[in-house]
Amino acid sequence: MSVMACTGTTHSRQGVVVTTNILGDITRAIVGDEAEVTVLMKPNADPHSFGVSAQQAAHIEQAGLVVYNGLGLEEGVLRNVDAAEEAGVPTLAVGEQVNPIRYATDESAGQPDPHFWTDPQRVHDAVGVIAEQLISNVDGLDEAVIRRNAARYRAAIEELDTEMGLRFDEIPRERRKLVTNHHVFGYLAKRFGFEIVGAVVPSGTTLASPSAADLKSLADTVRSTGVPTIFADSSQPDRLARVLADQAGLDVAVVPLFSESLTEPGQGAASYLEMMRANTEAITTGLRQQN
C-alpha cells in the first residue's frame with residue numbers, strides 16, 4: 001500500500017522519518033522548521049543494502065509519517081516500514097505516486113524502476129505528494145508554511161530541469177548513450193533523450209553480480225557503439241567498470257556519478273539539487289569527449 005493513514009488515537013504523530021537521504025533532503029526542504037525530520041540512510045551509503053538499528057526501528061514505529069522510496073529500493077529496511085504500517089503509522093511510498101516506469105532489459109526486466117529522482121519532473125510531482133501527506137498526517141504543522149516551502153522548492157526543481165536540458169543539448173544526439181554500474185538512469189534517459197546501452201551489473205539493484213558472459217556482451221556493445229565513458233556510482237567501487245573498460249579494448253574513461261546517495265557537505269553532492277547539477281556536468285563532459 002502506497003499511502004496508509006493512521007487509524008489509532010494514541011499515536012502522537014509528530015516527527016517525520018525518511019528512509020533515503022535523497023528523499024530526506026527533499027522532505028526537509030518542504031518541512032523547514034515545522035517538524036523534526038529523521039533520515040535513516042547515512043551519506044555515501046547504498047539504498048539497496050543499508051539497514052537500521054533497533055533504536056531506529058523503534059523510531060520508525062513512533063513516527064507521524066514515514067516517507068520512503070518504495071518500488072523495491074530499500075531492500076534492507078522494507079520489513080521495518082511494513083512493521084510500521086501494521087502498527088498504524090502513516091507511510092508514503094513516493095515512487096508509487098509519480099508514474100513509475102519499468103525496466104526494459106536484463107535481470108530486472110518488467111519490474112518497477114525505483115530510481116525516479118533522476119527525472120526532475122517526477123521530483124517536482126513528488127514534492128506535491130509529500131506536502132499533502134505531511135499536512136494530512138503530521139500534527140502541529142502550519143499548512144500555509146508547508147505549501148509555501150513546497151512551492152519554493154518546486155520552483156527550484158523547475159529551474160534545475162531547464163538547466164539540465166540546456167546542458168544535455170550540448171551532447172550530439174548520436175553520443176547520448178549511457179553505460180552505468182547498474183540500471184539507475186532510466187528516468188533521466190526517458191526525460192532527456194538518452195539511450196541506455198547497458199550496465200556493468202545487468203540489474204536494477206547493486207546486490208546483483210555480473211557474469212563473465214555479461215561483461216563480454218557489454219564490452220562488445222561498448223566497442224560497437226563507441227561509447228567514450230562508463231559511469232560508476234560514487235558510493236560503489238568502480239572495479240567492475242574498469243574491468244569492462246579494459247575488456248572493451250578501448251580507451252574508455254570511468255567517471256563517478258552521485259546516482260543513489262547524497263554525500264557529506266563539501267564532497268560534491270550534499271543536496272539533491274547539488275547532486276543533479278554535478279551529474280549533469282559529469283555526463284555532459286564525459287559524453288562530449290572523443291575516445
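Any value given below was found using the heavy atoms of this structure, including those in side chains, with hydrogens, waters and symmetry copies removed. Each residue takes its place number in the sequence, starting with 1.
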Under 3.5 Å, is there a donor-acceptor pair between the side chain of [X] and the main chain of [Y]?
X	Y	answer
Y103	G186	no
R102	G110	yes
E36	G15	no
N69	P114	yes
E260	P47	no
R176	I171	yes

Q. How about E281 and T285: does a side-chain donor come under 3.5 Å of a side-chain acceptor?
A. yes

Q: Evaluate side-chain contact (heavy atoms from CB on, under 4.5 Å) for N149 paired with V31, printing each intermediate quantity in order.
A: CA-CA 7 Å; N149 290 346; V31 172; over 6 Å; no

Find out whether [X] and [Y] are in side-chain contact, i.e. whether some heavy atom of one side chain is under 4.5 Å from a heavy atom of the other.
X	Y	result
H59	T38	yes
K190	D119	no
M164	L188	yes
R175	P228	yes
W117	I26	no
T20	Y68	no
M276	F258	no
R28	Y153	no

Q | Residues I146, I30; criterion side-chain contact (heavy atoms from CB on, under 4.5 Å); working and verdict | A | CA-CA 6 Å; I146 297 298; I30 302 167; 3.9 Å; yes

Q) Would you say the ring centroid of H48 lies under 6.0 angstrom from that of H183? A) no

Under 4.0 Å between a side-chain nitrogen and a carboxylate oxygen: does that hold for [X] and [Y]?
X	Y	value
R147	E143	yes
D82	R79	no
E170	R167	yes

Q. Of F185, F168, Y187, which is the lone residue that meets ring pair (Phe, Tyr, Trp, His ring centres under 6.0 Å) with F192?
A. F168

**Q.** Qualifying residue for side chain to side chain contact (heavy atoms under 4.5 Å, CB included) with L178, from L287, I230, V227, V184
**A.** L287

(Q) As a test of understanding, state which of N80, V77, V94, L73 forms a side chain to side chain contact (heavy atoms under 4.5 Å, CB included) with T19. (A) V77

Q.
Could you go through D25 and E274, starting from their C-alpha distance and side-chain angles, then the distance that decides it, and tell me whether this counts as side-chain contact (heavy atoms from CB on, under 4.5 Å)?
A. CA-CA 11 Å; D25 179 64; E274 184 180 19; over 6 Å; no

Q | Check against side-chain contact (heavy atoms from CB on, under 4.5 Å), D161 and R191 | A | CA-CA 10 Å; D161 184 69; R191 170 71 187 93; 2.7 Å; yes

